[in-house]
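Computed over heavy atoms, backbone and side chain alike; hydrogens, waters and symmetry mates excluded.
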Amino acid sequence: MLPLDETLLDNPAYAALCGPHARFAQVRGRVRRYPVDVAPFLALPSPPSAQDWQDAAGLLAPGAYAAVGYSGDELPDGWQAVAAFDLVQMIGERVTGVECAEAIPLGAADVPEMLELVAQTEPGPFLTRTVEMGDYLGIRRDGGLVAMAGERLRLDGWTEISAVCTRPDHRGQGLASLLVGALIASIQRRSERPFLHVLATNTSAIRLYEELSFRVRQTAALTVVTREQPPDPQV
């Protein structure tokens, strides 16, 4: 049996919304979700019951989209899978944080630049209020934001590192590793451990994190779902 704290990583969005991120949670029954401008995650218990899916329908309007950590063969009636991603979940087992003098805190005033950098690099979902989920750090060159990384899901004892990206014309300088090291240092000061998710196809990023002493814990599926539009009533 896995240690109690590590089992939270089996359903991290749910654990976050039931724990340190409860302040963000929109709740119906046992189902939780983040506000649409914070994160795209709709979180159901594991395994979800028929009632849980009914409650989830109350949190997602027909035609809207959400990301669900669900790998079942079939979705319930009324739900449709739009896209599916295979992820690798990695945990920092022997990592050591290193302070970075060049890393600066990023906040709400920096969001326009952060969104622009995300659009250039596509590190994963980052929305107008994602910065509220945790600490974000950046590196500027000639006044412009050229690299960033931050904290996304917060669980009891765990913090997810996310949105790690570097502007294309500044890659190859180790900026991402510097920012990840600074985040690890901050996480370890809180006596927590870092974890992260990488697309299974992104083998270069997996190798980078392995060099930073992360290890693969599991593979996971993330499915983008929508509720089907109800049929027009017969006239």
**Student:** For T7 and D10, run side-chain hydrogen bond (donor to acceptor under 3.5 Å, both in side chains): C-alpha distance rounded to whole Å, both residues' side-chain angles, the deciding distance at 0.1 Å, then the answer.
**Tutor:** CA-CA 5 Å; T7 65; D10 292 339; 5.6 Å; no
**Student:** Do L87 and V198 make a side-chain contact, defined as non-hydrogen atoms from C-beta onward lying under 4.5 Å apart?
**Tutor:** no
**Student:** Measure the shortest side-chain to side-chain distance between H197 and V88 over non-hydrogen atoms and say whether it is less than 4.5 angstrom.
**Tutor:** no
**Student:** Just wondering, do R215 and I91 contact through their side chains at under 4.5 Å, heavy atoms?
**Tutor:** yes
**Student:** Please check this pair: side chain of D52 against backbone of S49, looking for a donor-acceptor N/O pair closer than 3.5 Å.
**Tutor:** yes
**Student:** Any carboxylate oxygen within less than 4.0 angstrom of a Lys/Arg side-chain nitrogen, looking at R129 and E132?
**Tutor:** yes
**Student:** Sequence neighbours left out, what passes ring-ring contact (aromatic ring centres under 6.0 Å, His included) with W79? Give chain and number order.
**Tutor:** W53
**Student:** Any side-chain to backbone donor/acceptor pair from R33 onto L59? Under 3.5 Å, distance only.
**Tutor:** yes
**Student:** Find the distance between SG (C165) and CZ (R171) and round it off to the nearest 0.5 Å.
**Tutor:** 8.5 Å
**Student:** Examine V118 and L199 and state if one hydrophobic cluster contains both, with Ile, Leu, Val, Met, Phe, Trp and Tyr joined whenever side-chain heavy atoms are less than 4.5 Å apart.
**Tutor:** no
**Student:** Is the side chain of E192 donor-acceptor paired with the backbone N or O of G157 at a distance under 3.5 Å, no angle test?
**Tutor:** no
**Student:** Is any side-chain heavy atom of E160 closer than 4.5 Å to a side-chain heavy atom of P12?
**Tutor:** no
**Student:** Which value, rounded to the nearest 0.5 Å, describes the distance between I139 atom CD1 and R167 atom CZ?
**Tutor:** 12.5 Å
**Student:** Under 4.5 Å between any side-chain heavy atoms of P40 and Y65, yes or no?
**Tutor:** no
**Student:** Please name the residue in the list L208, I161, V98, V95 that meets the side-chain contact (heavy atoms from CB on, under 4.5 Å) test with V180.
**Tutor:** I161
**Student:** Checking V216 against Q89 for the side chain to side chain contact (heavy atoms under 4.5 Å, CB included) test, could you report, in this order, the C-alpha distance in whole Å, the side-chain angles of both residues, the deciding distance, and whether it holds?
**Tutor:** CA-CA 6 Å; V216 174; Q89 185 185 75; over 6 Å; no
**Student:** Are I104 and L178 connected into the same hydrophobic cluster when the rule is that any two of I, L, V, M, F, W, Y join if their side-chain heavy atoms are below 4.5 Å apart?
**Tutor:** no
**Student:** I need the minimum non-hydrogen distance between P125 and R152, along with the two atoms involved.
**Tutor:** CD-NH1, 4.0 Å
**Student:** Cluster question for you: counting only ILVMFWY and a side-chain heavy-atom cut-off of under 4.5 Å, with indirect links fine, are L179 and L106 together?
**Tutor:** no
**Student:** Taking the six-membered ring for Trp, are F41 and F24 ring centroids under 6.0 Å apart?
**Tutor:** no
**Student:** Is a salt bridge present between R190 and E151, judged by a nitrogen-to-oxygen distance below 4.0 Å?
**Tutor:** yes
**Student:** So, do I187 and W158 sit near enough that their side-chain heavy atoms are less than 4.5 Å apart?
**Tutor:** no
**Student:** May I ask you to test the P194-L183 pair for a side-chain heavy-atom distance under 4.5 Å?
**Tutor:** no
**Student:** Does any non-hydrogen side-chain atom of V131 lie less than 4.5 Å from one of M114?
**Tutor:** yes
**Student:** Quick one: SG on C100 to CG on L137, what's the gap to the nearest 0.5 Å?
**Tutor:** 8.0 Å
**Student:** Can a donor-acceptor pair be found, under 3.5 Å and without considering hydrogens, that links the side chain of Y70 to the backbone of V224?
**Tutor:** no
**Student:** Please lay out, stage by stage, how Q80 and V225 fare under the test side chain to side chain contact (heavy atoms under 4.5 Å, CB included).
**Tutor:** CA-CA 6 Å; Q80 181 180 354; V225 299; over 6 Å; no
**Student:** Hydrophobic clusters here meaning ILVMFWY residues chained together by side-chain heavy-atom distances under 4.5 Å, can you tell me if V36 and F126 are in one?
**Tutor:** no
**Student:** Between H21 and M133 (side chain of the first, backbone of the second, donor and acceptor by atom type, cut-off under 3.5 Å), is there such a pair?
**Tutor:** yes
**Student:** Look at atom CG of D169 and say whether more than 12 heavy atoms of other residues, nucleotides or ligands are closer to it than 6.0 Å.
**Tutor:** yes
**Student:** Could you give the distance from CG (L117) to CD (E122), rounded to the nearest 0.5 Å?
**Tutor:** 11.5 Å
**Student:** Do you know which two heavy atoms are closest between A57 and R227, and how far apart they sit?
**Tutor:** O-NH1, 2.9 Å
**Student:** Within this structure, what is the OG1-CD distance for the pair T166 and Q120, rounded to the nearest 0.5 Å?
**Tutor:** 11.0 Å
**Student:** Donor-acceptor check, side chain of E93 to backbone of S213, threshold 3.5 angstrom: yes or no?
**Tutor:** no
**Student:** Under 3.5 Å, is there a donor on one side chain and an acceptor on the other for T159 and R193?
**Tutor:** no
**Student:** Could you tell me whether a side-chain N or O of T226 sits under 3.5 Å from a main-chain N or O of A64, the two making a donor and an acceptor?
**Tutor:** yes
**Student:** Treating Ile, Leu, Val, Met, Phe, Trp and Tyr as nodes and any side-chain heavy-atom pair under 4.5 angstrom as an edge, say whether L175 and F214 lie in one connected cluster.
**Tutor:** yes
**Student:** Which heavy atom of G69 sits nearest a heavy atom of L222, and at what distance?
**Tutor:** N-CD1, 4.1 Å
**Student:** Any chance you could measure L17, atom CG, to L155, atom CG, to the nearest 0.5 Å?
**Tutor:** 9.5 Å
**Student:** Say whether, by atom type as modelled, one donor and one acceptor occur between the side chain of R141 and the main chain of V146 under 3.5 angstrom.
**Tutor:** no
**Student:** Search all heavy atoms of P112 against all heavy atoms of A109 and return the closest pair with its distance.
**Tutor:** CD-O, 3.7 Å
**Student:** Should R207 and Y209 be marked as a side chain to side chain contact (heavy atoms under 4.5 Å, CB included) after you check the CA-CA gap, both sets of side-chain angles, and the distance that decides it?
**Tutor:** CA-CA 5 Å; R207 284 197 301 270; Y209 292 125; over 6 Å; no
**Student:** For D110, is there an ion pair with R140 - N to carboxylate O distance below 4.0 angstrom?
**Tutor:** yes
**Student:** Do V38 and T130 pass the side chain to side chain contact (heavy atoms under 4.5 Å, CB included) test, and can you show the C-alpha distance, the side-chain angles, and the key distance before you say yes or no?
**Tutor:** CA-CA 4 Å; V38 174; T130 303; 5.5 Å; no
**Student:** Please report the shortest heavy-atom distance between A66 and L42, naming the atom on each side.
**Tutor:** CB-CB, 3.8 Å
**Student:** CD of E116: more than 12 outside heavy atoms within 6.0 angstrom?
**Tutor:** no
**Student:** Can you name the residues that form a salt bridge (charged side-chain N to carboxylate O under 4.0 Å, His left out) with D86, not counting sequence neighbours?
**Tutor:** none
**Student:** For E6, is there an ion pair with R217 - N to carboxylate O distance below 4.0 angstrom?
**Tutor:** yes
**Student:** Could you check whether any side-chain N or O of R32 sits under 3.5 Å from a backbone N or O of G29, counting only pairs where one atom can act as donor and the other as acceptor?
**Tutor:** yes
**Student:** Quick check: does any side chain N or O of N11 sit under 3.5 Å from a backbone N or O of L44, one acting as donor and the other as acceptor?
**Tutor:** yes
